[in-house]
Amino acid sequence: MLKRHTNFNTVGKISCLGLLALTLFLVRPIAATPDKAHAIDAGQDSKLSVGETPSTVNLSFAPASGSGSITPNASTGAKAQTNVIANIDVSNSSGYSVYLGSNSSNLVGKDNKHTVPGVSGTSTFQNLPVNTWGYYAGVGTSIPETAQYQAVAAGQGNVIYQNPSHKIYSESKTLILSFVTNIAGDIPADTYQNAITLSVVSSPLKTTLTDISTMQEMTSKICQDSVLNETKQLKDTRDGKLYWVAKLPDEKCWMTQNLDLDLGTSWPSPAGSDYNVAATAYLPVATASSVTASTISSPSISTRSWSLGDYVITNPETPSDCGHQKNSFADCPAEFTSVVGKTASSDPDFYIKNGKQTVVGNQYDAHYLVGNHYQYNTATAGTGGGIAGDYGNYWSSTAYSDADSAYNLDFSGLTSISPSTSSYRGVGRSVRCVAR
């Protein structure tokens with residue numbers, strides 16, 4: 001007999017168990033009276049981490065009960081089959097697995113304790129060896145003619161269904177469970193039984209990049225729970241600008257476009273501000289619109305930044321050099337395209353989908369926006385402690401032994417990357433932030 005169990009919900013990582021009491025009767029020559037089946041619930045709680053949503057699992061069986069009787073002959077045996085439909089509802093999960101297990105791999109006689117072993121290997125129902133039993137589990141409500149039956153494993157058992165997706169807001173799954181046996185006449189008459197356990201183990205839904213909308217929500221935990229190459233366009237609440245952020249192979253989440261934040265002298269006091277400025281000495285100087293002698297200050301404590309216009313790189317995969325001592329990107333029309341009045345695309349694959357063009361019509365790919373340039377103390381908010389493409393320079397967060405210098409990451413062509421170069425802190429470099 002197979003009987004359903006009561007639905008069971010819990011929070012945290014859960015294990016929802018339903019016990020099916022499986023009873024097969026050997027009839028010689030009239031049916032015995034079956035014992036009542038029983039059901040149990042079991043589960044385990046675990047504490048939720050910050051940024052996790054409780055997962056719930058509901059498990060039910062149909063029909064509510066069923067039984068099979070066998071009158072075996074002397075040699076070739078007689079077969080019996082009983083089927084159950086398991087309905088599983090999972091919500092707020094970062095992946096779940098369904099297991100089928102048992103008290104033991106044998107059917108055991110209630111009175112005589114005689115055992116019927118599980119089938120060795122796999123077998124179809126038609127070819128099931130004499131004096132063995134087994135199970136089949138599949139998605140849906142029907143059993144294919146070629147279904148392969150195997151022994152039920154003791155304990156938690158085998159995985160019969162799995163959804164490894166890290167984002168499951170709601171899913172309903174129907175599984176069919178089929179139990180079969182083939183009994184010969186040399187087995188003593190008795191009620192042969194086993195307790196079959198169906199368990200669903202689900203992890204709580206984790207907050208990842210795709211669940212947040214602002215840069216200020218980003219944390220190292222969110223990055224840790226995100227999957228490789230997960231990408232999201234996040235808003236900087238300070239000025240409303242959007243930035244692409246992605247989890248890269250180094251297991252960190254990086255801005256994949258340059259910072260374009262205009263600084264100002266009217267920013268809040270460092271104490272308790274949202275700008276994380278370390279000391280009054282490092283309050284930023286207003287962003288300049290051009291690079292001139294009057295907008296360059298000493299390297300050791302300067303906090304200057306420059307906005308040289310809203311431009312994207314025209315040909316990111318083609319090395320080019322527009323020379324030195326340029327006041328804005330307008331002085332380099334072959335290398336940079338103005339995007340004033342245009343809209344940043346929300347498609348992370350805009351560049352590839354548009355034949356490797358950074359600007360199409362009224363839209364542009366913000367991955368190639370040149371952004372602003374910042375002196376070292378500005379880029380590190382006083383804690384110091386080029387252009388993207390084939391060539392570029394980015395500030396590191398690490399100060400150099402020379403008080404007037406700091407490390408920067410230097411790209412030169414497609415094959416040369418120099419992570420240990422240094423520059424004077426007064427030099428303007430692009431900035432990209434990383435969630436550590």
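Keep in mind that the numbers below use all heavy atoms, side chains included, and drop hydrogens, waters and symmetry copies. Along the sequence shown, residues carry numbers from 1. Treat the numbers as computed from the prediction; the structure is a model and nothing was measured.
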Legend entry - Partner of Ser102 under side-chain contact (heavy atoms from CB on, under 4.5 Å), chosen from Thr197, Leu107, Val152: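 It is Val152, the one option of Thr197, Leu107, Val152 that forms the side-chain contact (heavy atoms from CB on, under 4.5 Å) with Ser102.
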Would you say the side-chain atoms of [X] pair up with the backbone N or O of [Y], donor to acceptor, closer than 3.5 Å?
X	Y	result
Arg304	Ala286	yes
Ser55	Ser91	yes
Asn354	Phe350	yes
Lys232	Ile212	yes
Ser405	Asp402	no
Gln216	Thr237	yes

Report yes if some heavy atom in the side chain of [X] is under 4.5 Å from a heavy atom in the side chain of [Y]; otherwise report no.
X	Y	value
Ser93	Leu205	no
Asp211	Ile222	no
His373	Ser430	yes
Val434	Trp254	yes
Ile88	Tyr161	no
Asn87	Ile85	yes
Leu308	Val370	no
Lys167	Thr208	yes

Taking all atoms of both residues into account, what is the closest heavy-atom pair of [X] and [Y], and its distance?
X	Y	value
Ser346	Gln233	CA-OE1, 3.5 Å
Asp260	Lys241	O-NZ, 2.6 Å
Thr132	Gly118	CB-C, 4.4 Å
Asp349	Asp347	N-OD1, 2.9 Å
Thr231	Thr210	O-CG2, 4.3 Å
Tyr149	Ser178	OH-OG, 2.9 Å

Legend entry - Thr122 versus Gln150, side-chain donor and acceptor atoms under 3.5 Å: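 No, no side-chain donor-acceptor pair sits under 3.5 Å.
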Inset, instruction - Scan side-chain atoms only and decide if Thr421 and Asn408 contain a donor-acceptor pair under the 3.5 Å cut-off. - result: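 The criterion, which ignores hydrogens and geometry beyond distance, is satisfied for Asn408 and Thr421.
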Plane angle bin for [Y] and [X] - parallel if under 30°, tilted between 30 and 60°, otherwise perpendicular:
X	Y	value
Tyr351	Tyr368	tilted
Tyr376	Trp395	perpendicular
Tyr400	Tyr407	perpendicular

Inset, instruction - Can you tell me which residue pairs pass the side-chain hydrogen bond (donor to acceptor under 3.5 Å, both in side chains) test with a partner in residues 331-342, sequence neighbours excluded? - result: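 Only Thr314-Thr337 qualify under side-chain hydrogen bond (donor to acceptor under 3.5 Å, both in side chains).
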Legend entry - NZ/NE/NH1/NH2 to OD/OE distance under 4.0 Å, Asp250 and Lys252: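 No, this pair does not count.
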